[in-house]
Amino acid sequence: MNKRSLRRYCAGIVLLSVFTAGCGLKGEQLQQLEAGGVPGSGLDGGVGAAPVEGGDAAVDPGVAVDPVTGAPAGGTTGGTSAGGTSGGTSGGTSGGTSGGTSGGTSGGTSGGTSGGTSGGTSGGTNTTAGNRTGITDDKIRIGIHAPLSGASPVPQDEFESGAKLYWKTHKVFGRTVEVEILDDTYKPSGAVRVCQEMSRRDFLVIGGAGSDQIQACGRDRSLQRSKTPYLSAGVTENGLTGVSNYFAISTSYKDQAKILVNSAKAQGYLTGKWAVVLSETPNFTDAKQAIEAELKKAGIEHQYFGIPKAGSDGDALDVSNKLRAYAAPTIYYLGQPTFYLKVVGQTQSAAYRPIWTGVGISMGLNTIANLACGATSNQYDGRFLSPYPGLDKAPKEFFDAGGKGDIELNLYGVSQLLEQALLKTGGNLTRENFIAGLGTATLPGGIWPGVSFKGGNHFGGTKMWQLKSDCGSRTYKTVGSAPIS
């Protein structure tokens, strides 16, 4: 692909988080991309939305590693992160710590609960002992970490507007919900630093991007000691099973393999042979093993192609040449979206138009559909799973609230689930009670599918939405949903 074509479909890419969308790469980043690839410029589904596939540092099985020092990221001490902002319905920039024990009465009725969750009044005075960091008589503070800077900076205004959208009209037990967003600098070590910082003042923390970053915070022992609930979209299970304060609120990559194969069968493309393309990070090992096992069970011939986590133009061309030579009708991809767009643009031709498929969340963003359609003369056929549907299935309440884009829809759905989880406390808002209640809860969901945590399993995803690209609108359309079966 020539530089003009690459610039045209990469000029807007910054994808980013379990929740994040794309906008323009900085000039120096595009120059790096054209010269040899932006280090670490991938995205991932984190909660919701858009997560940073592959991350930026090699991670040994069960251990998150600082890419600079090589030391376990869990050993990083806290500190103040630059560029952190705090939004929420109470507005303004929050400073200091709102921790401590707040007494008084937590009365009032929770408003506007979603997805069929019943409300209820937390009458009486809450005197139960426990960690009530981030809880006051009129406020619940939550923290989200995301790459506001680094190789793939999040468009901060979109992220913040989406994070606040649901809470403009919803309270929990009479309290407003204030959202704090801190910059994890797109590194596991940065994620651990801000997770520790937020755990000292926010009731719970949400991982907003990156398998490696999520894994690092999910395993952090200081969050475990302070009983800080940590939630994220389902990504790797590596090192996260059995962690009492960690909850995956959508289906993990490993469990999505069965859903994807069933979906492919239903849509008629579980045929011929498949190419299986994944970034070579230990945090994708469970995803690789799962998809290969499901394809073998279905009798589908396949070949694995490992790709670098931060690939150059030369790497993309090498992979594309191999894919064209193998000529599989279907290509499964799990890796960096920036690299994905390079590979799609250089692989597809008039003579070879494969179906591109995979697990959710990053490749199911409308930004990807737009750029991939542009890179293939509107011949792109992408079919990806996602924890939220396309905008064509967004509920009226989302648009009535002022929602517009798929990233905002993603965050709106995450907020619905979070409200349902908070209501499971019955008004006893301590971290211990939240963890205990969520650990056995079934949440109905709404925009995101429902989750069910049973028998100590904190990977609660039950199904995924199915998306298919539509180059006429340059977006993904919803073609259905499928459960784990």
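- Ala298 pairs by the side chain to side chain contact (heavy atoms under 4.5 Å, CB included) definition with Val261, Leu270, Ile300, not counting sequence neighbours.
- Sequence neighbours left out, the pairs with a member in residues 455-467 that pass side chain to side chain donor-acceptor pair (under 3.5 Å) are Ser263-Gln466.
- Two residues are said to be in side-chain contact when any heavy atoms from C-beta on lie closer than 4.5 Å; Cys195 and Leu223 meet this criterion.
- By the 4.5 Å heavy-atom criterion applied to side chains, Pro354 and Gln348 are counted as neighbours.
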Criterion side chain to side chain contact (heavy atoms under 4.5 Å, CB included) on Gln303 and Val276, from CA distance to verdict: CA-CA 6 Å; Gln303 183 172 325; Val276 176; over 6 Å; no

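- Gln196 and Asp220 are linked by a side-chain donor-acceptor pair at a separation below 3.5 angstrom, with hydrogens and angles left out of the test.
- Side-chain atoms of Leu467 and Lys477, non-hydrogen and from C-beta on, never get closer than 4.5 Å to each other.
- For the residue pair Gln379 and Arg353, a side-chain donor N or O sits within less than 3.5 Å of a side-chain acceptor on the partner.
- For Asp470 and Ser473, the side-chain atoms include at least one donor-acceptor pair closer than 3.5 Å.
- For the side chain to side chain contact (heavy atoms under 4.5 Å, CB included) test with Tyr332, the passing option among Leu260, Leu295, Ile355 is Leu260; the others fail.
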Stepwise salt bridge (Lys or Arg N to Asp or Glu O under 4.0 Å) check, Asp286 with Lys288: CA-CA 5 Å; Asp286 56 352; Lys288 174 181 179 293; over 6 Å; no

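- For the pair Thr236 and Phe284, the minimum side-chain heavy-atom distance is 4.5 Å or more.
- A heavy-atom distance below 4.5 Å is not found between the side chains of Tyr476 and Lys468.
- No hydrogens or angles considered: nothing links the side chains of Thr347 and Arg324 as a donor-acceptor pair under 3.5 Å.
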Residue pair Lys254, Glu237: steps toward the salt bridge (Lys or Arg N to Asp or Glu O under 4.0 Å) verdict: CA-CA 8 Å; Lys254 182 183 79 173; Glu237 295 185 16; 3.0 Å; yes

From CA spacing to verdict: ring pair (Phe, Tyr, Trp, His ring centres under 6.0 Å), Tyr326, Phe305: CA-CA 10 Å; Tyr326 186 58; Phe305 299 85; 5.7 Å; yes

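- Ring-centre distance between Tyr230 and Phe247: not below the 6.0 Å cut-off.
- Between Tyr269 and Trp274, the two ring planes are parallel [angle under 30°; tilted spans 30° to 60°].
- Screening residues 241-250 for side chain to side chain donor-acceptor pair (under 3.5 Å), with sequence neighbours left out, gives Ser232-Tyr246.
- Considering Val177, Ile181, Asp202, Leu231 in turn, Val177 is the only one that fulfils the side chain to side chain contact (heavy atoms under 4.5 Å, CB included) rule with Ile142.
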Asp406 and Tyr388: CA distance, side-chain angles, deciding distance, side chain to side chain contact (heavy atoms under 4.5 Å, CB included) verdict: CA-CA 9 Å; Asp406 61 338; Tyr388 62 98; 3.8 Å; yes

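- Here the options are Val451, Leu385, Ile484, the test is side chain to side chain contact (heavy atoms under 4.5 Å, CB included), and the partner is Thr251; only Ile484 passes.
- Without hydrogens or angle criteria, Asn433 side chain to Thr425 main chain gives a donor-acceptor distance under 3.5 Å.
- In this structure, Glu294 and Lys258 have side chains that are in contact, with non-hydrogen atoms separated by less than 4.5 Å.
- Although no hydrogens or angles enter the test, the distance criterion places no donor-acceptor pair under 3.5 Å between the side chain of Asp318 and the main chain of Asp315.
- For the pair Trp356 and Tyr380, the minimum side-chain heavy-atom distance is below 4.5 Å.
- Under the 3.5 Å distance criterion, with hydrogens and angles disregarded, a donor-acceptor pair is assigned to the side chains of Asp392 and Thr478.
- Screening Gln416, Glu397, Glu419 against Tyr166 for a side-chain hydrogen bond (donor to acceptor under 3.5 Å, both in side chains) leaves a single residue, Glu419.
- Between Lys273 and His302, the closest side-chain pair of non-hydrogen atoms is not below 4.5 Å.
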